[in-house]
There are 2 protein chains.
Amino acid sequence: MKKLLIVFAIALALAAAAAAQMEWVTYSGDYSGQRHSTLKQIDRTNVAKLHVKWMYQTNDLNQFEVTPIVSGGVMYISEPPSNAAALDLHTGRPLWLYRRALPNDIHVCCGQVNRGVALLGDVVYLGTLDAHLIALDAKTGHMLWDTAVADYKTGYSITVAPLALKDKIIIGMSGGEYGVRGFLDAYDPKTGARLWRFWTVPGPGEPGHETWAGDSWKTGSAATWVTGSYDANLNLIYWGTGNPGPDYDGDIRKGDDLYSDSLLALDASTGKLKWHYQFTPNDTHDWDSTHTPVLIDTQFRGRARKLVAVANRNGFFYVLDRETGEFLIGKPFAKEIWATEIDSHGRPIVIPNTRPTPEGVPMYPGVHGGTNYMSPSYSPETGLFYVSARQEPTSYYRATPEYDAGTYYVAGGNRGIPGVEPSGAIKALDPQSGEVRWEFPLHSPPWSGVLSTSGGLVFGGTAEGNVFALDSATGKPLWDFQTGATVTSNPISYELDGKQYVALAAGRALIAFGLE
Amino acid sequence: MKKLLIVFAIALALAAAAAAQMEWVTYSGDYSGQRHSTLKQIDRTNVAKLHVKWMYQTNDLNQFEVTPIVSGGVMYISEPPSNAAALDLHTGRPLWLYRRALPNDIHVCCGQVNRGVALLGDVVYLGTLDAHLIALDAKTGHMLWDTAVADYKTGYSITVAPLALKDKIIIGMSGGEYGVRGFLDAYDPKTGARLWRFWTVPGPGEPGHETWAGDSWKTGSAATWVTGSYDANLNLIYWGTGNPGPDYDGDIRKGDDLYSDSLLALDASTGKLKWHYQFTPNDTHDWDSTHTPVLIDTQFRGRARKLVAVANRNGFFYVLDRETGEFLIGKPFAKEIWATEIDSHGRPIVIPNTRPTPEGVPMYPGVHGGTNYMSPSYSPETGLFYVSARQEPTSYYRATPEYDAGTYYVAGGNRGIPGVEPSGAIKALDPQSGEVRWEFPLHSPPWSGVLSTSGGLVFGGTAEGNVFALDSATGKPLWDFQTGATVTSNPISYELDGKQYVALAAGRALIAFGLE
């Protein structure tokens with residue numbers, strides 16, 4: 001009986017937490033990937049009064065891409081290159097700092113960055129650039145265990161924020177430009193022992209292996225470098241995969257190169273594949289599909305459905321059935337694009353002559369994509385999906401690579417296109433139709449994610465350093481603050497002492513905003 | 001008649017500027033070195049509502065020590081290592097950036113830093129770490145001229161903000177730990193031609209040369225690395241000088257080592273010495289006296305006098321007659337000190353056995369001084385002199401140096417003292433008596449200067465990242481903001497669109513604060 005009462009109390013506590021999302025306990029706020037805060041104290045009427053509450057500054061010039069975790073009056077962050085800190089939520093002052101000693105020969109394509117930690121109970125989990133997963137005491141920052149996920153010397157690294165389930169820590173990897181073979185792992189939170197691994201490039205004898213030519217699967221990449229989502233009822237993990245390796249030359253690999261550029265639905269208990277959907281078969285444009293998948297429960301075409309939505313680096317917006325992987329919608333959210341449409345089977349109808357040549361072929365989207373690693377958001381109240389969209393073509397060219405373990409392995413490159421001025425926008429997409437409902441233009445392509453709130457707001461950031469709030473129903477700008485450096489992180493919201501705050505990183509500063 | 005009218009209009013404009021100090025046109029606000037703003041919109045009653053208006057972030061991990069210049073709706077700053085920028089005063093967004101390409105073999109003891117630019121008309125002046133003085137078009141940042149002040153290969157560098165007089169640019173130098181010979185220079189604002197040089201270490205045949213043993217004058221240092229003050233009526237420049245070289249061993253140099261650790265009064269037209277006062281004869285503790293001298297016109301001991309006040313790195317607070325150099329007051333502003341008193345002639349009565357030994361001798365103040373390069377301020381309204389005071393003893397030890405041109409040349413070093421917890425304070429000193437009138441304790445020794453305002457406030461910053469405002473009459477804390485990184489600059493204040501702002505740099509961020 002006592003046990004039942006405790007269970008009931010926990011259920012009540014969980015219900016209360018759901019009703020008022022006071023904390024920010026996982027990368028996307030909750031497992032749905034919606035990055036939507038149900039807090040509504042900051043709203044359309046008062047957001048113009050938002051001010052900086054405190055700042056925290058890192059001591060590193062690499063991009064500060066963290067999504068903070070907030071729990072128990074503490075903010076847990078990672079810092080570049082592979083450090084972690086706990087900050088007092090009232091002042092931003094550090095309670096502890098963990099400094100990872102990194103080897104000198106780590107391999108990263110795009111900056112020595114990290115996107116955040118995971119928290120489970122009293123333990124903080126951090127992936128490191130030398131491809132380890134480590135557990136730190138949340139009270140002290142002292143290391144509890146340190147597990148080598150992969151051998152960094154062969155090109156692996158970790159930049160992704162881990163995802164903590166109730167009994168396992170899910171962690172992806174980076175290294176798509178270093179000839180690695182991708183995977184997604186689950187680890188025991190207490191011991192650091194590996195529970196399962198799903199190879200995102202199938203080996204000999206496995207389904208999908210036939211989509212790779214010769215030995216190309218061994219360096220097929222399909223990295224898993226942005227945190228995925230989880231449906232506890234279906235017990236499925238949803239996780240995106242990166243480009244096939246080597247970049248730019250599809251002929252080396254031939255076939256569709258499964259499961260690169262795909263959305264995977266994996267059984268959380270076993271790591272077995274339930275279904276997959278590939279956005280860009282035989283990709284030659286570096287269009288990693290590592291976006292956080294957004295899980296949406298809604299009426300769709302006349303009946304209640306469990307959906308998953310992805311605004312893809314390839315410029316299309318997709319809606320799938322997340323129980324079955326059934327393709328439902330694939331519509332471009334950018335104006336110019338590489339494919340005429342996504343056919344009824346979910347396969348792109350590619351415009352001819354869009355693949356890289358030795359001379360170079362100009363393309364929309366460019367190498368940085370129609371969007372990128374920054375998080376989208378979804379508001380159940382407006383029913384809209386918000387994405388930081390990039391309009392920036394590049395010219396893609398092809399070259400002949402040589403594989404040397406642990407070194408850069410790509411089959412070409414890209415250049416800007418003279419005379420074309422890149423731009424950006426926050427776009428509100430309708431998952432019912434795939435249409436763009438409104439857009440708020442930005443001077444240049446953004447690197448910041450978005451956050452929607454029940455205050456009727458969408459928060460985002462610009463490459464010019466602005467943090468802003470838009471009306472989530474109309475896209476009307478309501479507030480703006482200049483941080484002085486490019487925003488390269490994802491905003492969050494939390495409540496402290498009965499007051500709502502919004503926080504994000506810009507440049508070397510983590511900034512908490514409040515109404516006074 | 002028309003000419004007279006114009007002159008009259010200019011006089012009126014100058015009077016108006018004096019009545020309401022809207023801009024911040026030189027390092028200390030004006031030539032007096034008082035770093036006092038007559039703006040009073042932000043006052044004791046409303047300072048608690050001060051908020052961040054905008055931020056600007058540098059892309060360099062060296063200390064951001066700038067005092068910004070504000071004029072014509074633009075903020076002109078330097079950034080580490082030797083860069084400059086013009087920022088839109090409304091948004092903090094850069095209008096232009098100047099990036100100095102530095103050689104790889106520059107020599108600096110204490111970080112690749114810069115303390116600010118000077119502005120004269122439409123020209124911005126910047127000293128660089130490779131010991132050049134350069135002129136930049138204030139509208140575009142384009143270089144107008146570039147003059148080598150000294151040969152950086154022999155250990156010279158420039159970190160000081162130039163001082164712009166109406167017809168000359170005064171610039172000091174750094175390199176006191178590299179066996180250089182100190183000087184202060186004046187340059188033609190239009191051409192960059194040198195107008196005069198005053199050697200702070202007298203050569204053979206010059207008065208004061210006899211205070212150096214043998215050839216020790218050649219490496220005597222006495223650098224001039226913090227911006228001085230100017231009395232236009234007396235046409236005198238007041239500038240402090242640094243430690244004698246080599247540090248720590250007075251026996252190598254013997255004598256008083258003029259004009260090290262001194263306050264110099266130089267004729268602005270000729271650079272000739274009018275008078276000098278030496279704070280620390282034959283210094284062995286690295287107590288540079290490069291503080292900005294504060295010029296005060298006040299009733300003193302029954303008559304109106306022109307004074308100059310200095311709170312010194314050696315822990316004493318000095319008041320002199322600035323027409324004659326007459327010593328008036330020398331009182332400790334720290335509790336424990338190296339001398340029992342300053343005698344009536346202005347010479348310290350040194351406590352025996354306080355000089356460095358091979359084993360080490362613990363001392364108050366320590367190597368970073370009772371205060372340091374950060375600016376003090378003086379409020380004509382309270383009649384108080386405010387200083388960021390440091391309480392941090394170190395043990396000084398002695399060693400035998402070898403001189404090798406352009407390399408580090410010191411005769412010992414220093415260590416922290418185990419078990420002694422350093423601390424700090426903002427202290428309000430009374431120039432009438434030399435007494436401490438109030439003090440506001442800080443957790444650790446500060447590196448931020450102070451600003452006083454006619455709003456009855458003193459602004460300052462802490463090593464822990466706080467920016468704060470105190471009641472200038474009582475020291476009572478009224479406002480506090482956490483910037484997330486050590487404050488290593490000097491606050492300023494200005495008015496824009498009828499509103500008062502306060503700005504300063506902390507960590508990698510320059511922050512403008514306003515009432516909304």
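All heavy atoms count here, side chains included; hydrogens, waters and symmetry mates do not. Chain letters run A, B, ... following the sequence lines, proteins first and then strands; every chain starts at 1.
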Quiz item: Taking the six-membered ring of B:F64, is the NZ or CZ of B:R508 close enough (under 6.0 Å from the centre) and on axis enough (within 45°)?
Solution: no

Self-check item: B:D60 versus chain A, the contacting section by heavy-atom distance below 4.5 Å
Solution: backbone

Self-check item: Inter- and intrachain pairs under ring-ring contact (aromatic ring centres under 6.0 Å, His included), touching residues 495-516 of chain B, at least two apart
Solution: B:W479-B:F513, B:F481-B:F513, B:Y494-B:Y501

Practice problem: Verify whether one side chain among B:S493 and B:Q500 offers a donor that lies under 3.5 Å from an acceptor in the other. | Solution: yes

Practice problem: Just do the side-chain contact (heavy atoms from CB on, under 4.5 Å) check on A:I492 and A:T67 with the steps written out, would you? | Solution: CA-CA 7 Å; A:I492 67 163; A:T67 288; 3.7 Å; yes

Quiz item: For chain A, which residues of residues 40-57 of chain B have at least one non-hydrogen atom nearer than 4.5 Å to it?
Solution: B:H51, B:V52, B:K53, B:W54, B:M55, B:Y56, B:Q57

Exercise. With a 4.5 angstrom heavy-atom cut-off, could you sort out which part of A:D480 is near chain B: side chain, backbone, both or neither?
Key: neither

Practice problem: Begin with the C-alpha distance, continue with both residues' side-chain angles, and end with the deciding distance and a verdict on side-chain contact (heavy atoms from CB on, under 4.5 Å) for A:L504 and A:V467. | Solution: CA-CA 9 Å; A:L504 99 178; A:V467 180; 3.6 Å; yes

Quiz prompt | Heavy-atom donor-acceptor pair, B:S157 side chain to B:L129 backbone, under 3.5 Å | solution = no

Self-check item: Under 4.5 Å from any heavy atom of chain B - which part of A:I511
Solution: side chain

Practice problem: Using distance alone, with no hydrogens and no angle criterion, decide if A:S71 and A:E23 have a side-chain donor and acceptor under 3.5 Å apart. | Solution: yes

Quiz item: If we ignore angles and hydrogens, is there a donor and acceptor under 3.5 Å between the side chains of B:S174 and B:T159?
Solution: yes

Exercise. Give, as side chain, backbone, both or neither, the part of B:L87 having an atom under 4.5 angstrom from any heavy atom of chain A.
Key: neither

